[in-house]
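Just below is one structure, and these are the notes that go with it.
Remember, it's a predicted structure, so these values are computed and weren't measured experimentally. Just so you know, ligand 1 is whichever comes first in the structure, and atom 1 is the first atom listed for that ligand.
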Amino acid sequence: AVSKGSEPWILMVTARSPTNIAVIKYWGKRDETLILPINDSISVTLDPDHLCTTTTVAVSPAFDSDRMWLNGKEISLSGGRYQSCLREIRRRAGDVEDEKKGIRIRKVDWERLRVHIASYNNFPTAAGLASSAAGFACLAFALAKLMNIKEENGELSSIARQGSGSACRSLYGGFVKWVMGNDASGHDSIAVQLANESHWDDLVIIIAAVSSQQKETSSTAGMRESFDTSTLLHYRSKVVVPRRILQMEEAIRNRDFQSFARLTCADSNQFHAVCLDTSPPIFYMNDTSRRIINCVERWNQFEGTPQVAYTYDAGPNAVLIACNRAAASLLLKRLLFYFPPSPDTELTSYLLGDKSILEEAGLQTMKDVENLQAPPEIKGGISVDKNSGSVSYFICTRPGRGPTLVVDEDQALIDPRTGIPK
Ligand code: DP6
């Protein structure tokens, strides 16, 4: 690496990446180190304006080791997954020239140069909202820009995959398929975009962050236990998923909400059935999760055609996908009726993300929430139990774009003078 004069220099790149929610689930690996799945999966990328990871990567000849900070706290990079990502990225690094700063880095220099990485989630990490997916996608994307990697054939997605399987799907916006591939090397296990975020922009997504005391089994451990003990998982990956993938691709292509909702709910329920079929059984959903399913199922049943689809990952949070804004307003009214905020909570801190949905639902104040009437589908006998406090908050969002560069240097997470987080 050369630079003008002898002053130390720092070169930085900042990027932002979305998280994603699977509508056909990935569960089970055929290779644990390379992270190769036993079936294809399909996801919707969530709008990074509401849920995203921002990552700044920096390089300088003054750095003497690779270091990383997550939400301001230094974390270890010694884990195999970080090491795989860094190794795979460095292998592909190219020549970099910054004429303005007078910096030239040759391809061969990258092996010696160390990087600093600072990453920040704009949503509570504790909520268990797929932060590793956004995180590894952002890491791969930002490092690829810093090291001037010419991305070909979903290569970046296959690097992010080695950080966390579901991360490979966060490299694209809209609707994304992770093709499992066949090769033992994993080079064909990549994400491909099925349709971009404007293809089906009627959809509105409401996430319920469900309160939970319990520490859940990690996805990694859970899917290993399912792979070893669940016969349903192997039937699912061989027989059920291949068929559903084709049907889901068609539903997305045709914006056919009825099929989309049917497949999404069925696949979430089967994933949780696999967890129950695992020995010992794994419980990710809790009573609140199941109450939300009941609320949606009853309403869909009452309307005759599905208005909302639900899906749950390895935790109790519900991800609800409404066919349009009108349905999302009606859904929100139902959710706030069954799960009102605790008395001391402000409405605007109970619904995060796209708050304009509150107004569309005619819910301006807490009084409006208190005055909500029972939805028509429960008239006639079904007892209503209100569950204040069982949902921490809701987030209203939509399908969104893939990773982007953040060009405004003021938004970098690393101080260009010190090389450590601001
Ligand atoms: C239930 O990608 O978190 O969210 O590859 O071991 O890091 P690792 O697992 P991870 O698993 C996600 C599982 C899921 C379904 C999905 O996102 O497809």
- Any salt bridge (Lys or Arg N to Asp or Glu O under 4.0 Å) pairs touching residues 267-286, not counting sequence neighbours? Arg236-Asp267, Arg244-Asp267
- Task: For ligand 1, would you mind listing the residues that have at least one heavy atom less than 4.0 Å away, ordered by chain and number?
- Result: Ala22, Lys25, Tyr26, Trp27, Lys29, Ile35, Arg81, Ser164, Gly165, Ser166, Arg169, Ser219, Thr220, Met223, Phe271, Asp313, Ala314
Pair up each side-chain donor or acceptor in residues 329-338 with any protein partner under 3.5 Å, not counting sequence neighbours, and list the distances.
from: Ser329; atom 1: OG; to: Arg325; atom 2: O; distance (Å): 3.2
from: Arg334; atom 1: NE; to: Glu377; atom 2: OE2; distance (Å): 2.7
from: Arg334; atom 1: NH1; to: Leu330; atom 2: O; distance (Å): 3.3
from: Arg334; atom 1: NH2; to: Glu377; atom 2: OE1; distance (Å): 3.0

- Message: So if I apply the side chain to side chain donor-acceptor pair (under 3.5 Å) rule between Thr53 and each of Asn71, Asn122, Asn121, which one comes out positive?
- Response: Asn121
- Option passing ring-ring contact (aromatic ring centres under 6.0 Å, His included) with Phe271 (candidates Tyr26, Tyr312, Trp27): Trp27
- Message: Using the side chain to side chain contact (heavy atoms under 4.5 Å, CB included) criterion, which residues pair with Ala93? Sequence neighbours excluded.
- Response: Trp110, Met147
- Message: Any side-chain to backbone donor/acceptor pair from His116 onto Phe63? Under 3.5 Å, distance only.
- Response: no
